[in-house]
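Take a look at the structure below.
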There are 2 protein chains.
Amino acid sequence: MNIGEIAKRAGVSRSTVSYALSAKRPVSEDTRRKIQRVVDELGYQPNASARALANGRTNTIGLVFPPAGNHYTGMQLDFIGSVTEAAAAYDYDVLLSPSGMDSDRSFQRLLGERRVDGAILMEIRLEDDRLDHLTAVGFPSVAIGRTAHPEGSWWVGLDHTALAAACVHHLADLGHRRIAFVNRPGQLLRAGYESAHRGLEGFTKAAAERGLTVRTYCSGDDAASGLACLERILHEDPATTALVTLNEAALGGIYRGLAQAGRHVPRDFSVTGVVASRWAETVTPQLTAADVPAEEMGRLAVELLVKRLDHPDTPARYHLLAPPISLRASTAPAGITPADPAPDPGAPTNP
Amino acid sequence: MNIGEIAKRAGVSRSTVSYALSAKRPVSEDTRRKIQRVVDELGYQPNASARALANGRTNTIGLVFPPAGNHYTGMQLDFIGSVTEAAAAYDYDVLLSPSGMDSDRSFQRLLGERRVDGAILMEIRLEDDRLDHLTAVGFPSVAIGRTAHPEGSWWVGLDHTALAAACVHHLADLGHRRIAFVNRPGQLLRAGYESAHRGLEGFTKAAAERGLTVRTYCSGDDAASGLACLERILHEDPATTALVTLNEAALGGIYRGLAQAGRHVPRDFSVTGVVASRWAETVTPQLTAADVPAEEMGRLAVELLVKRLDHPDTPARYHLLAPPISLRASTAPAGITPADPAPDPGAPTNP
DNA sequence: TGTGATGATCGAACCGGTTCGAGTAAGGAA
DNA sequence: TTCCTTACTCGAACCGGTTCGATCATCACA
């Protein structure tokens, strides 16, 4: 069932069918109706490949999401879901590409073979060869994340520095003096992952400002690693009374470790960090945290990309988000310890 | 940079370039090398749309995942990830389609516009109009899940009936007599979702066999709903000592409800069910559960689909999986109650 | 030297759309 | 009646590949 078949049955030429369906040139009401009836009868839909070949657009966007370690985090799921739905609203399909690097086979296919009109990249690194490559060849893309030099490129990101700092200030305000930081896996930090770097930086700087004693750790993206990490924390400094984490997958293990160590959250130990709200609300006690607005970020990324595709010469745009800390149930004023009487924490922690 | 450009620079015809690259006809070693050098120099990659148009295959598979309620569960993420990676291994890309019904716009695009060679469907219903449609038009597809009449179609599924029954037997063996069942959301059950129906059926039947007193519930796919559901359970039958759940997203809320009610898991209350192992290991105490082998299922689905695409006339194949229950820490023998001294649980449930 | 087989290459057609320039018919004005 | 618009429709070319049939040169053999 191709356009020629429709044309034949409607007794017109192929081009007339094309114009009748696209309305790019006027077609008489009579023939339009005739064509439409044949189209409806046969359930004709134009072939996407042919259309893409002819007008140079696939109406597809690529979603590049490297497998961080061996599995995916809940946040990635939220991005995938929201990007897909937002794209559908603009009549774009989403092609997944599980590629980590520039040289990746799958990545090359997306670009070189022109499978997509534009791309959204996740899990950005401070120095990201994929983005460099895309910028170099002028391929329309939007990053979910921000490189070290984001000027002139399109992205939607989270202000990890500010968020981690906000967590530190929140804990410091509550009187905590010895706190730990649980980062994403060391391998990702070394690879230069933005969230891991900026989060660590924000944490360190804010802790220094407040004169806190800190230790920083990396944990694998799973519960067992989180548990092991927490055990190290308590072993290396048993006086630690709070921690900040960026690693939502490790959270379950952290909580378990605290329970096993007999530290009650939040009475004996406060936990906070930057995680998707779904997770923060799933654990018990619910996590006081900066909620990652994954849905919004996915939607914004699609909007930026669509804008960029529709107006190729628009100057670069971006969104830097810094959601507030949602007060839930995992933080409390530091207990009175011999060395460190708790200062007045001010307003009560939780509503 | 198209094939004509390559041909010109190599001083040969377009067809020779095509044959040199595809090796579908012999090409002299000399010209092959000459062409290859030009290709390498220019980084030429054939246009996917043109190729798809010419040979009728897009080398893309569609992954149809209806938004279950407003957000996605962890299991869906695992499917998406494993399908994408398995597909990449066969040189297929994955196109996402967030569509629930046959009539869906996005679904129509996948099929009618020939964007994909085949499709993998998730969240199958016992009577599934999408699958009926695909079967009717002979479109190659594989379901992750099994309809009421799976004969003659391709699928990879979980034996939810057996798994739910195994959970019941596990609890019965431990001496529990009054147990509850927490299903997926009522709206999904009513819509005929396979896992919800078969799980409920297996639970009910096994409980009847063992002469247990049961109540069955539905819970929304989030922690708050799980909490509310658990409160209902304890309110409607405070003597309940255990539950089985299919709803991994509600698990956090269930645990929280139990903690709030002062029921210690597993001492006062046992919890088990069918969830992805990642979740089972994240919660504290870790969940004794039938682990959903999401990765394996995604991989198997891709393998079946690729087989079907390569050999269009192969008779239908399927995989029905029934993973064993992994004993973790959330179940224990029922406490001694006045009405019901715990019987000897006999042999341990699992090897 | 002529003949047939063999291997390498080419040109043209095709996949199914879109788009441009041109042609035709109808209607209004001169 | 003639001329000019205007409105609509058509044919052909093109997008960038693949593939079929034919051509041409080379070489072995009679």
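All chains are named by letter (A, B, ...) in the order of the sequence lines, taking the proteins before the strands, and each is independently numbered beginning at 1. In what follows, every heavy atom counts, from backbone to side chain, and hydrogens, waters and symmetry copies are set aside.
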Closest to the 5' end of DNA chain C, once Ala54(A) and Ser28(B) are matched to their nearest nucleotides, is Ser28(B)

Note: for Glu29(A) and Leu53(B) on DNA chain D, the residue whose nearest nucleotide lies more 5' is Glu29(A)

Taking for Ala50(B) and for Tyr19(B) the nucleotide of DNA chain D with the nearest heavy atom, the one nearer the 5' end belongs to Ala50(B)

Quick note, Lys24(A) side chain, CB onward, closest among dT19(C), dT9(D), dT19(D) is dT19(C)

Pair Glu295(B) + Arg299(B): basic N to acidic O under 4.0 Å: no

_Would you say CZ of Arg146(A) has more than 12 non-hydrogen atoms from neighbouring residues, nucleotides or ligands within 6.0 angstrom?_
yes

Requested in this report: Under 4.0 Å between any heavy atoms, over every strand shown, what does Ser22(A) touch: base, sugar-phosphate, or nothing? Just pick one.
Outcome: nothing

Taking dG16(D), dT9(D), dT18(D) as options, the one with an atom nearest any side-chain atom of Arg51(B) is dT18(D)

task = Return no unless some side-chain N or O of Asn47(A) is found under 4.0 Å from OP1 or OP2 of dG16(C).
result = no

Is a donor-acceptor pair below 3.5 Å formed from side chain Arg25(A) to base dT9(D), judging by atom type as modelled?
yes

Please determine whether a side-chain nitrogen of the Lys or Arg among Glu303(A) and Lys307(A) lies less than 4.0 Å from a carboxylate oxygen of the Asp or Glu. no

Inset, instruction - Tell me what Ser49(B) touches on the nucleic acid: a base, only sugar-phosphate, or nothing, going by heavy atoms under 4.0 Å. - result: nothing

Margin query: A quick test of your reading: do over 12 heavy atoms of other residues, nucleotides or ligands sit less than 6.0 Å from CZ of Phe139(A)?
Written below: yes

### Any Ser18(A) side-chain N or O less than 4.0 Å from OP1/OP2 of dT18(C)
yes

With heavy atoms under 4.0 Å as the rule, sort Pro26(B) into base, sugar-phosphate or nothing.
base

Do any side-chain nitrogens or oxygens of Thr31(B) fall under 4.0 Å of OP1 or OP2 in dT9(C)?
-> yes

Asn55(A) has its side chain closest, among dC10(D), dT19(C), dG17(C), to dT19(C)

